[in-house]
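Starting from 1, each residue takes its place in the sequence as its number.
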Amino acid sequence: MLSIANVRSPSAAASYFADDNYYARADADRSGQWVGEGAKSLGLSGRVETKQFDALLRGELPDGSSVGNPGQAHRPGTDLTFSLPKSWSLLALVGKDERIVAAYREAVTEALKWAEKNAAETRLVERGKVRTVATGNLAIGLFQHDTNRNQEPNLHFHAVIANVTQGKDGKWRTLKNDRLFALGTLLNSMAMARFRIAVEKLGYETGPVGKHGNFEARGISREQVMAFSSRRKEVLEARRGPGLEAGKVAALATRSPKHPIEDRAVLGEQWQAAAQTVGLDLPRLIDTAKTRASERDAADTKMPSLAERGLALLKDFAERIKGKERDPLVPDHVLKRGPQEIAAAQAVASAMRHLSQREAGFAREDLYKAALDFGLPTTIAHVEKAVRSLVRSGQLLRGKGEHKGWLASHEEVEREARILAWANEGKGAVEPIITERRADASVQASALANQGFKLNEGQLGAARLILTSRDRTIAVQGVAGAGKSSVLKPVADVLREEGHKVLGISVQNTLVQMLERDTGIEAQTLASFLKRWGAISEGEARSGLDREARKELGGSVLILDEASMVSNADKEQLIRIANRAGAQRLALMGDRKQLGAVDAGKPFDLLQQGGIAQAQMNTNLRGRDPVLREAQAAAQAGLVRTALDHLKENTVEAKGDGAILAAERWLALSPEERERTAIYASGRKIRAAVNEAVQTGLAAIGEIGPEKIQLEVLDRVNLTREELRYLAAYKPGMVLEVAKLERALGLKRGEYAVRKVDDRKDTVELEDRQGKLHKLKPSRIGRTGKDDNLSLFDLRKLEIHQGERVRWTRNDHRRGLFNADQARVVQIDGDRVTVETSKGVEQRLGKDDPMLKRLDLAYALNAHMAQGLTSDRGIAVMDSRERNLANQKTFLVTVTRLRDHLTLVVDSAARLGAAVSKNRGEKSSALEVTERLKVAAQVGAGKDVTEKNPKAPEPELAKERNRSMDFGI
């Protein structure tokens, strides 16, 4: 792994890195070495001398000049600590295979050279404005260390980057290190990719590739590794408990002083004895590796190398069960090149599919990292070359403007262009349902008669647009709490009076039920709607289904609720169906500032930017408390720190575990107050921690139980379809669910237990419910297809009590059990559980009932579950260390759920404000990334979309694409 930290004290750093016990006379060859073009320009080469190093960390250059501002504190430098997985440290330091040390040093040095080229920056002040410029040079002291703080074998390199860099004008300035921090995991991945190839050449066999490219040596068990990992055990112990603890915090909390090694010979003997105690025969493993390498060099062995196995794997990707299916993202000419180039092409193709499932555009470095982490035998240089090839071919399009350095797939650019085109196809395509004057009068009359109040101007504008527009597809952009249901109820009354069927569509079953309850509109999930009618959106005429769709949907008004949470792929189908079926209206209702879809795209925002007819509802009617309403308004405007200032009297900074504190606050309320008070958690980890703490508290005060039952539930692993095509996704004990027959894989619908994973043969052994074994070769999973047809789950033990509040994690429509809907456990009788659904219906579930595997505790909700919901009071838990979840969209959803009061539990209000302000949490748009939105909107508005080939690019868009084809990265 790679950890990054700022160096605090120049003198202490110089002593620690360059003058400690590791560089005693007996280990003189291990002294620090200068690395980098910056060091070379300063005349620093060879061995690092403590005096020189100390001076450079103070910002003092060899010529007597200095960098930084006089009188201001100078940051000495940045420490990048590259650490090998433990098994390789054992082979290198206990087994004394120096070849491993050299291989890792070379891999680290290569990663540092890449960082120097791509992450070395400084700040320039020009005309009062600060801008960042690349410099391409670093001054690095690279030091090898061999132990951790518990004096266990731990081969790692400290790359201490001094806070100096030379600009193009020859002047030395301080280093801006933001990109070094941002690219840390990528640097680790590229170092491990190079190291993996090197140790294979040395004759070693490598284990599966894990997080950030890390992997262990084959032949050393997990138990043997952990016998030398007491330091890791200390950190893991510090992270235990129900709450979220960042690894860095846990590491610092358990950190003891690093004592000098008094006698390295004695320490080595201790390591050898420990190895023997756990049965670790390192000499045998090393001798076997050397023999294998010698035989391979002499071409006398039949054992495949990593490169050969990688090449075989790639051929297997290309040769599917029925004939040959070439990967369209791997150019033909690449297959005539070396194994590493072939591997890079396949890795980049996989990375592109993987990232594109979740985002329409992505940073170039994210594509590099995803490609390397698939574990194919290649390096960063080959990956960069493969990416440039896809850019030249037009499969990848380069980002522009503020998205410079980003990429978007050609497929997503065209999909978003089609979304705009289908929406524009409906412009002026329908007659108004009623006149504006009648609309205003009819809606207001219905609102007064049935709800007892008049609609405000924003609400009335939304109603007017739905009833009077000549466009089929329209948007209602409404802030959180704008009174959407209050609009839809009278609008639906008017529509029915005018003879139009009204159908509500939403992304979750809970929101479907709310829509029906609050507005009286018949509703269903988007997934079920697309399953029923999706085939007519594919372009080819289907006369029977088309007639059926026109009969059922023609002239109807479709209302899509929480439209921001719908992906590009689903929104494209929905608009196309509305057009083909002749719907009178497709009204997209939501807030583009709230959470987006899990999968790629932000089409609700895109359509608004593209000029779709829209109404604005900007008044928050939900917040009844003045202070809370001010905070909600600030959050809606993106003023995070202002919102936190409004909430400061209700903000609690948890000195320990925020999840436990939130649970204690909720448990301290009366049962009646608890019913009015929801708990919101920013993510899955905190939600799970709150649920566990609340359950423990309720059991202790006797409000649940005493009857209880131990269950084994399924937690979905968040993987893309492309990740499922790689062996690294599968681990014994998991469960693979096949939603629909996979004929090519020989798997029927149902659940399969993962019994064994064989990375030599790239196979997974599965067992079905009847005990029959099946062999799955993940690489034969199709590159395209329905993304949720195959799903992997972890098994988790869950104890539930009588009286418990639970929620479902999948659907059972027949019994009225819906995904995300809540239920109450009313009785536990032996191995039978009786639940009462949200609609008051009791269902009895026997011990083998599959729905007992598909539930979870429901005391806390995360942001994606909470969007669209409302409660009077709430307790919300957010943690600034949850980097991906501490963003403006999650914050907005969390703050705007409440009417009367919010208690915000945080680790630090200041740190949370800084983290959320920096992270907008925005989904990407391919047209935005490539700055083609304006062109696509114009093309869509003026074109005639034909039925023959709706996926073909329009001529104008194709010309625009061709004009920008001389890409290069």
Side-chain angles (χ1 to χ4, degrees), residues 1-10 12-18 20 22 30-40 44 48 53-54 56-57 59 75-85 88-89 101 103-122 134-149 154-165 174-195 211-214 246-248 251-252 255 258 365 368-369 372-373 379-380 883:
M1 281 298 295
L2 171 62
S3 61
I4 306 179
N6 283 323
V7 177
R8 296 181 181 278
S9 163
S15 172
Y16 175 77
F17 292 121
D20 75 0
Y22 301 137
R30 297 184 183 178
S31 58
Q33 300 291 319
W34 288 109
V35 174
E37 293 300 316
K40 188 184 298 184
L44 301 172
V48 175
F53 188 56
D54 191 15
L56 192 61
L57 292 183
R75 172 172 51 82
T78 308
D79 173 20
L80 277 62
T81 305
F82 293 82
S83 301
L84 262 184
W88 298 107
S89 287
V101 180
Y104 193 47
R105 178 186 287 270
E106 289 173 8
V108 168
T109 301
E110 181 178 283
L112 291 172
K113 288 180 178 178
W114 188 93
E116 181 173 52
K117 182 179 177 182
N118 294 278
E121 298 175 332
T122 191
T135 62
N137 61 88
L138 297 171
I140 309 168
L142 184 63
F143 305 94
Q144 177 190 331
H145 284 193
D146 295 348
T147 63
N148 62 20
R149 292 179 178 273
N154 178 29
L155 177 60
H156 59 284
F157 285 92
H158 288 278
V160 185
I161 303 174
N163 186 17
V164 299
T165 189
T174 56
L175 177 74
K176 182 183 178 185
N177 65 359
D178 301 53
R179 275 182 65 77
L180 287 171
F181 276 89
L183 297 174
T185 56
L186 171 58
L187 295 175
N188 188 81
S189 293
M190 66 177 65
M192 292 306 294
R194 166 59 72 185
F195 179 69
K211 192 173 183 181
H212 305 316
N214 292 309
K248 186 175 180 180
L252 291 173
R255 203 174 197 184
K258 192 166 186 179
E365 290 83 2
Y368 293 165
K369 186 174 187 307
L372 291 170
D373 286 353
T379 64
I380 183 61
R883 292 185 181 179

Review point. Going through the distances and angles, do L186 and L372 end up as a side-chain contact (heavy atoms from CB on, under 4.5 Å)?
Key: CA-CA 9 Å; L186 171 58; L372 291 170; 4.1 Å; yes
Quick one, M192 with Y104, criterion side-chain contact (heavy atoms from CB on, under 4.5 Å). Give me CA distance, side-chain angles, the key distance, then yes/no. CA-CA 8 Å; M192 292 306 294; Y104 193 47; 4.2 Å; yes
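- Across all non-hydrogen atoms, the minimal contact from G184 to L2 is O-CD2, 3.0 Å.
- Scanning all heavy atoms of the two residues, the minimum distance from L183 to E365 falls at CD2-CG, 3.5 Å.
- Looking at heavy atoms from C-beta onward, V160 lies in side-chain contact with L57 at the 4.5 angstrom threshold.
- Among F82, F157, F53, the one residue that satisfies the ring-ring contact (aromatic ring centres under 6.0 Å, His included) test with F143 is F53.
- Interatomic distance, CG of N6 versus CZ of F181, reported as 4.0 Å (0.5 Å rounding).
- For the pair Y368/N118, no side-chain contact is recorded, criterion being any heavy-atom separation below 4.5 Å from C-beta on.
- Between I140 and L80, every side-chain heavy-atom pair lies at or beyond the 4.5 Å cut-off.
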Q. Checking side-chain contact (heavy atoms from CB on, under 4.5 Å) for the pair I4/N177: CA distance, chi angles, key distance, verdict?
A. CA-CA 10 Å; I4 306 179; N177 65 359; over 6 Å; no
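- When all heavy atoms of V48 and W34 are compared, the closest pair comes out as CA-NE1, 3.6 Å.
- Looking at every heavy atom in both residues, E121 comes nearest to T165 through O-CG2, 4.0 Å.
- L175 has its side chain within reach of I161: a pair of non-hydrogen atoms, C-beta onward, lies under 4.5 Å apart.
- Using modelled atom types, one side-chain atom of E116 and one backbone atom of L138 make a donor-acceptor pair closer than 3.5 Å.
- Checking side-chain atoms of D373 against main-chain N and O of G213 turns up a donor-acceptor pair under 3.5 Å.
- Relative orientation of the H156 and H145 rings is perpendicular, given thresholds of 30° and 60° on the angle between their planes.
- Contact of the H158 side chain with the T81 side chain is registered, since non-hydrogen atoms from C-beta on lie closer than 4.5 Å.
- Of all heavy-atom pairs between A107 and A191, the closest is CB-O, 3.2 Å.
- Looking at heavy atoms from C-beta onward, N154 lies out of side-chain contact with T147 at the 4.5 angstrom threshold.
- Listed for the T174 side chain is no donor-acceptor partner under 3.5 Å among the backbone atoms of N163.
- T185 is linked by a side chain to side chain contact (heavy atoms under 4.5 Å, CB included) to H212, K369, counting only residues two or more places apart in sequence or in another chain.
- A salt bridge does not link E110 with K113: none of the charged nitrogens is closer than 4.0 Å to a carboxylate oxygen.
- The shortest distance between side-chain heavy atoms of D146 and L155 falls below 4.5 Å.
- Side-chain contact between R105 and Q144 is present, with heavy atoms from C-beta onward closer than 4.5 Å.
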